[in-house]
Amino acid sequence: MNVVTTPEDLRATLGPARVGRIGFVPTMGALHEGHLDLLRAARADNDTVVLSIFVNPTQFNDAADLAAYPRTTESDLAQAEAAGVDVVFLPTAESMYPSGFATSIRVSGPITETLEGAMRGAEHFDGVATVVAKLLLAVLPDAAYFGAKDAQQVVVVQRMVADLGIPVRIVVVPTARERDGLARSSRNVRLSVEDRARAVAVPRALTALRRLSEQGETDVERLRAVAAVELAADDVEIEYLVVVDPGDLHELATVDGVALVALAVRVGEIRLIDNITITAPAFGASETKDAS
Ligand code: AMP
């Protein structure tokens, strides 16, 4: 496994690999099973697998959150090696944003203004779009792998790649969960023991909502209410809990096809996000993933 720290070294290392297929998994490190699922998907489809680890400062709206973000490079490299990664790109902030850096990519409209964009500010997705574009240009992969856990990020990246004509296939990998259903996240390690126990209200809420939907309920207010009850039972504070169109993220009043249920909550000090898709029973067989 090669570890490189500059785009120039990355390009030189990947030169000979371009005869085959290159799969790319961008991350902020603190690797867990969710990231490993992405790496496994990339490993299965490609000749060369590239992992990037970069805690991108421009997508954090909160300096304390950036400072507290877990950094576990040594264990990340061991896990990457075990997962069969060929090249790890570990850029410094200076090599990604050299002095004089002045370009930003903005994906406009509701897909960046709602949900995470509304809570974290439009700059959050400017930071995401710009760093993902830079990473895709540095790696020039055939395919890049993203987690369904960050559903809005996937929509934004797909929009940007289509709009800029970046020749890469975006592959979406289902959310990896802990045994009790909590979505795996680098932030989970920061939950206290008590808060970790309360956090299970999140998958419980999503599962309750799905069950009600499967029983034929299509009214979004009633679907949201059943999830809100589960979250309130464990004193989990809701930032947003919405049922939206999975394509353009506009809020739905009634579910009449496939819908994305997305939420952000605070459990103690820690902010968690999660989502599932639901399908109106009349629309056809459920193709949704389970939250438990
Ligand atoms: P992050 O390091 O949190 O920026 O995540 C890097 C990539 O891993 C993103 O595409 C995430 O959506 C994905 N990811 C994070 N957690 C999970 C999870 N539990 N299941 C699947 N993918 C995930």
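These values consider heavy atoms only, across backbone and side chains, with no hydrogens, waters or symmetry-generated copies. Atoms within each ligand, like the ligands themselves, are counted from 1 in listed order. If you're wondering where the values come from, they're calculated on a predicted model, not measured in any experiment.
Counting heavy atoms from C-beta on, the side chains of Val131 and Phe54 come closer than 4.5 Å.
Minimum interatomic distance between Ile53 and Pro91 (heavy atoms only, all atoms of both residues): O-CD, 3.6 Å. Closest non-hydrogen pair, Ala205 versus Leu231, comes out as CB-CG, 3.8 Å. Minimum heavy-atom separation, Val55 to Met28: CG2-O, 3.4 Å. Here the closest heavy-atom approach between residue Ile22 and residue Asp142 is recorded as N-OD2, 2.7 Å. A pairwise comparison of heavy atoms in Leu252 and Ala259 identifies CD1-CB, 3.7 Å as the closest pair.
For ligand 1, the atoms closer than 4.0 angstrom to any heavy atom of Phe146 are 10 (O). Per-residue contacts place Leu38 under 4.0 angstrom from the following atoms of ligand 1 (heavy atoms of the residue considered): 7 (C), 8 (O), 10 (O), 13 (C), 22 (N).
Protein heavy atom in closest approach to atom 10 (O) of ligand 1: Gly147 N, 2.9 Å. In terms of protein heavy-atom proximity, atom 4 (O) of ligand 1 is nearest to Met28 CG, 3.5 Å. Looking from atom 20 (N) of ligand 1 to the surrounding protein, the closest heavy atom is Ala176 N, 2.8 Å. The nearest protein atom to atom 3 (O) of ligand 1, hydrogens excluded, is given as Tyr69 OH, 3.7 Å; this is a heavy-atom distance. For atom 15 (C) of ligand 1, the closest non-hydrogen atom on the protein side is His32 CE1, 3.9 Å. The single protein non-hydrogen atom nearest to atom 12 (O) of ligand 1 is Asp150 OD2, 2.6 Å, given as residue, atom name and distance.
Although no hydrogens or angles enter the test, the distance criterion places a donor-acceptor pair under 3.5 Å between the side chain of Asp86 and the main chain of Val49. Side chain of Asn275 to main chain of Leu263: no donor-acceptor pair is present (N/O by atom type, distance under 3.5 Å, no hydrogens or angles).
Considering backbone and side-chain N/O atoms, His35 comes within less than 3.5 Å of an N/O atom of ligand 1. Residue Arg184 places at least one N or O, backbone or side chain, under 3.5 Å from an N or O of ligand 1. Between Ala148 and ligand 1, no pair of N/O atoms sits closer than 3.5 Å. Between Thr175 and ligand 1, not a single N/O pair is under 3.5 Å apart.
Of the candidates Pro174, Ala41, Ala151, Ser186, Pro174 brings a heavy atom nearest to atom 21 (C) of ligand 1. Taking only non-hydrogen atoms, the option from Gln153, Glu178, Lys149 nearest to atom 9 (C) of ligand 1 is Gln153.
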Side chain to side chain contact (heavy atoms under 4.5 Å, CB included) between Arg169 and Asp45, worked out: CA-CA 12 Å; Arg169 190 165 60 93; Asp45 292 351; 3.9 Å; yes
Verdict with supporting geometry, Arg266 and Glu239, salt bridge (Lys or Arg N to Asp or Glu O under 4.0 Å): CA-CA 7 Å; Arg266 277 192 186 272; Glu239 276 193 2; 3.1 Å; yes
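Tested against Arg204, the residues Asp180, Asp234, Asp274 include a single salt bridge (charged side-chain N to carboxylate O under 4.0 Å, His left out) partner, Asp234.
Of all the heavy atoms of Pro26, the ones lying under 4.0 Å from any atom of ligand 1 belong exclusively to the backbone. Under 4.0 Å from ligand 1, not a single heavy atom of Val154 appears.
For Arg177, the heavy-atom gap to ligand 1 stays at 4.0 angstrom or more. Between Asp37 and ligand 1 there is no heavy-atom distance shorter than 4.0 Å. Residue contacts with ligand 1 do not include Ala30, since none of its heavy atoms lies under 4.0 Å from the ligand.
A 6.0 Å sphere centred on CD of Glu33 holds more than 12 heavy atoms belonging to other residues, nucleotides or ligands.
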